[in-house]
Amino acid sequence: MDLSTFRRAAHAAVDRICDYYATIEQLPVAAQVERGYLARALPDAAPTNGEAWEQIERDFEQHILPGMTHWQHPMFFGFFPSNATYEGIIADMYTSALTNPGFNWNASPAVTELEFIVLDWLAKMMGLSSAFYSNDLSHSGGGVILGGASEATLTIAISARERALRALAEQHSESSADPIAWRAAMVPKLVMYGTTQTHSVGAKAAMMLGIRFRALDVARKDQYGLRGETLRAAIEEDTARGRIPFMLVATYGTTNSCAIDHLDEIAEVAKSSPLLWLHVDAAYGGVTWCLPENRPERIIAAFNARFDSLSTNLHKWGLVQMECSPTFVRDRHDLAKALSMTPDILKSKGMDPAALNDLRNLQIVLGRRFRALKVWFMLRSYGTTGFQEHLRRSIALARSFADQLRDMPAFEIVNPPRWGLVMFRLRAPDESVDVDALNHALNDALLERSDQLFLSPTVLPEVGYCERLVVGAPATTEEHIQKTLRILQECADSVLSK
Ligand SMILES: *Cc1c(COP(=O)(O)O)cnc(C)c1O
């Protein structure tokens, strides 16, 4: 493609994108295709000769779009949201146009500097202590924007393991004889904690590092949040067995039910375990700290006083496109000690000897996208009030949904609604009915309507199979909530009449 073709094609593409958003409601919410549909439709090898752009565009519309589930559709209520904004689309265009790997300050100074600026903006919006600001040079805390919560958890786990092994080596002088062998002998003793409700990113990070993961129990009576006492008991038990608890993945808003681990109790218990790295996975819930009315001061105070790191996904409910997981750490040296490696070609003039101002030292990969631009465009265009307004609107719509569902006798809400999430199921009409089977039937009925709405079911411990509805797409309005309730009633009627 040459520049003049690009000019025409890009203009046309922007027009198509505008048409897409103007008419998104007329599209089926979920892709109505069978697994393997695309391999049957497309050639199994790349074309030998280049093809005309018009043909490629036609095939995009004919074959790719029908295979898309529309997460920006106002009737999309599955998983967690994956917000898009026009600001983000423009940022992605510029990011692609200016493609560069951003690994060092001198790879493109604005990439590094804007990242630290927007991280500080977000830290302030969330009420994080200045210990986590990147541009406050009185300490070494700060952040980096990683690709996702999975990458954040792995990155933090690598850093926590390094911190623990170094601290242990200092306590054991015999380690210096053969440090590598000594570390290899210590790794099997390490234990990472999460709960039975922690996202699999915790167990997966441990698996990738060859480290034991222990899922601590949580109970319905605590709304599935980890209690300090449970953590204390686990630490005592593992220590007695000669194991070394080195990291806890606490969650602020679990994926299943938006459970919140008791960060204040955890901070208290962890006082006597200096080796334990306290991380908060706030992938979905972190943005709610931007709402003063939703920011439990006791929790934030505990986080600020004692926790080592937190990551949240702006690419979920935070109005920024994939991939965007701001990750804050109390001491960036902990990242750099585990992740920096500087061959001659990467040495740059003015390089901070502590290496905190080159992004490559704070992440696993070397090259990465210019992630800060979309955050900057969005935050400037929405302002903090516009950003808060978006979150409040989703929360109000979820509350409206829950309030109206409570008046529908066929249904019951199975967990107190939190933020954009409501969990519910059909009530068994009498004791002879298996409530799980009934709700599987409800889900089958909802799948039949997946062109009209999208929900994702789950299993809640001590409850069973249930539906999850999450409001988060900016396009959703009260009218869509009404429509959803109507469809739910119709599905309930058909299931219950069988
Ligand atoms: C969504 C989610 C994740 C995974 O996030 P990615 O950015 O897709 O890796 C991890 N933890 C929690 C609590 C989540 O909700």
Side-chain angles (χ1 to χ4, degrees), residues 1 5-34 37-38 41-42 51-97 99 313-324 369-371 373-375 377-382 386-387 389-390 393-394 397 420 449-456 469-484 487:
M1 187 183 284
T5 311
F6 170 69
R7 194 182 294 276
R8 258 183 295 115
H11 275 290
V14 170
D15 280 340
R16 278 201 199 89
I17 290 169
C18 294
D19 292 343
Y20 170 75
Y21 277 98
T23 59
I24 191 168
E25 247 183 281
Q26 292 149 31
L27 296 171
V29 183
Q32 307 289 303
V33 297
E34 301 287 335
Y37 87 100
L38 198 54
L42 299 186
E51 300 178 77
W53 183 253
E54 290 68 27
Q55 183 59 44
I56 301 169
E57 272 279 1
R58 264 198 300 280
D59 286 347
F60 170 74
E61 300 223 337
Q62 193 177 337
H63 298 300
I64 306 300
L65 278 180
M68 297 304 293
T69 289
H70 302 287
W71 290 58
Q72 310 314 313
H73 196 292
M75 296 291 283
F76 183 92
F77 303 111
F79 307 104
F80 279 138
S82 182
N83 287 174
T85 60
Y86 303 127
E87 290 83 346
I89 295 173
I90 297 174
D92 272 347
M93 286 169 66
Y94 286 135
T95 299
S96 291
T99 286
N313 284 351
L314 290 182
H315 68 228
K316 277 184 169 158
W317 194 16
L319 294 173
V320 175
Q321 271 88 339
M322 303 281 302
E323 298 140 354
C324 192
R369 277 170 78 81
F370 185 4
R371 297 194 176 114
L373 191 65
K374 53 197 175 183
V375 182
F377 279 5
M378 182 279 290
L379 282 177
R380 294 203 46 203
S381 179
Y382 278 76
F387 186 77
E389 192 49 37
H390 158 66
R393 255 174 44 84
S394 303
L397 288 169
R449 311 282 292 262
S450 71
D451 58 329
Q452 293 163 51
L453 90 173
F454 189 104
L455 299 179
S456 36
L469 172 136
V470 187
V471 183
T476 305
T477 65
E478 178 61 33
E479 184 196 326
H480 302 106
I481 297 299
Q482 303 289 331
K483 190 168 160 193
T484 302
I487 296 173

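Since the model is a prediction, treat every value here as computed from it, not as a measurement.
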message = Other residues, nucleotides and ligands only: do more than 12 of their heavy atoms fall within 6.0 Å of CZ on F6?
response = no
key: Distance (rounded to the nearest 0.5 Å) between L469 CG and L397 CG   = 10.0 Å
key: Distance-minimising heavy-atom pair for S450 and V29   = O-CB, 3.7 Å
message = I need the minimum non-hydrogen distance between M75 and I487, along with the two atoms involved.
response = CE-CD1, 4.2 Å
Criterion side-chain contact (heavy atoms from CB on, under 4.5 Å) on E389 and Y382, from CA distance to verdict = CA-CA 9 Å; E389 192 49 37; Y382 278 76; over 6 Å; no
ask   = Does the pair L27 and L65 meet the rule for a side-chain contact (heavy atoms from CB on, under 4.5 Å), with working shown?
value = CA-CA 10 Å; L27 296 171; L65 278 180; over 6 Å; no
inquiry  = Taking OH in Y94 as the centre, count heavy atoms belonging to other residues, nucleotides or ligands within less than 6.0 Å. Is the count above 12?
reply    = no
inquiry  = Main chain of R8, side chain of H11: is a donor-acceptor contact present, judged purely on distance under 3.5 Å?
reply    = no
task = Check the surroundings of atom CD in Q55: do more than 12 heavy atoms from other residues, nucleotides or ligands lie under 6.0 Å from it?
result = yes
query = Strictly by modelled atom types, are W317 and S394 linked by a side-chain donor-acceptor pair under 3.5 Å?
reply = yes
task = Go through the steps for E323 and R371 under the test side-chain contact (heavy atoms from CB on, under 4.5 Å), then give the verdict.
result = CA-CA 8 Å; E323 298 140 354; R371 297 194 176 114; 4.2 Å; yes
ask   = Where do Q32 and P28 come nearest, in terms of heavy atoms and distance?
value = CG-CB, 4.0 Å
task = Working to the nearest 0.5 Å, report the span between OG1 of T477 and NZ of K483.
result = 10.0 Å
query = Step by step, would you call H73 with E25 a side-chain contact (heavy atoms from CB on, under 4.5 Å)?
reply = CA-CA 6 Å; H73 196 292; E25 247 183 281; 4.2 Å; yes
message = Ignoring hydrogens, what is the shortest heavy-atom contact between C324 and V375? Give both atom names and the distance.
response = SG-CG2, 3.6 Å
inquiry  = A quick test of your reading: do over 12 heavy atoms of other residues, nucleotides or ligands sit less than 6.0 Å from CE of M68?
reply    = no
query = Got a second to check how far I17's CD1 is from Y21's OH, nearest 0.5 Å?
reply = 8.0 Å
For F77, all residues meeting ring-ring contact (aromatic ring centres under 6.0 Å, His included), sequence neighbours excluded = none
request  = Please name the pair of heavy atoms, one in P66 and one in A31, separated by the smallest distance, quoted to 0.1 Å.
outcome  = O-CB, 3.4 Å
query = Atom CD in E479, atom OG1 in T484: separation rounded to 0.5 Å?
reply = 10.5 Å
message = Show the nearest heavy-atom pair for residues Q72 and S82, with the distance to one decimal.
response = NE2-O, 2.6 Å
ask   = Relative to the ring of H70, is the ring of Y20 parallel (under 30°), tilted (30 to 60°) or perpendicular (over 60°)?
value = tilted
query = What is the distance from atom NE2 of H480 to atom CD of E478, rounded to the nearest 0.5 Å?
reply = 10.5 Å
request  = Over 60° means perpendicular and under 30° means parallel, so classify the ring planes of F79 and F454, tilted if in between.
outcome  = tilted
Name each donor-acceptor pair under 3.5 Å that joins a side chain in residues 85-93 to protein atoms two or more places apart or in another chain, with its distance.
unit_1: T85; atom_1: OG1; unit_2: G88; atom_2: N; d: 3.0
unit_1: T85; atom_1: OG1; unit_2: L319; atom_2: O; d: 3.4
unit_1: E87; atom_1: OE2; unit_2: S381; atom_2: OG; d: 2.5
unit_1: D92; atom_1: OD1; unit_2: R369; atom_2: NH2; d: 3.3

task = Decide if atom CZ of R380 counts as having more than 12 heavy atoms of other residues, nucleotides or ligands within a radius under 6.0 Å.
result = no
Reported CD-to-CD1 distance for the pair E51 and I56, which is rounded to 0.5 angstrom = 6.0 Å
inquiry  = Please check: side-chain N/O of N83 versus main-chain N/O of G472, any donor-acceptor pairing under 3.5 Å?
reply    = yes
inquiry  = Donor-acceptor check, side chain of H390 to backbone of P474, threshold 3.5 angstrom: yes or no?
reply    = no
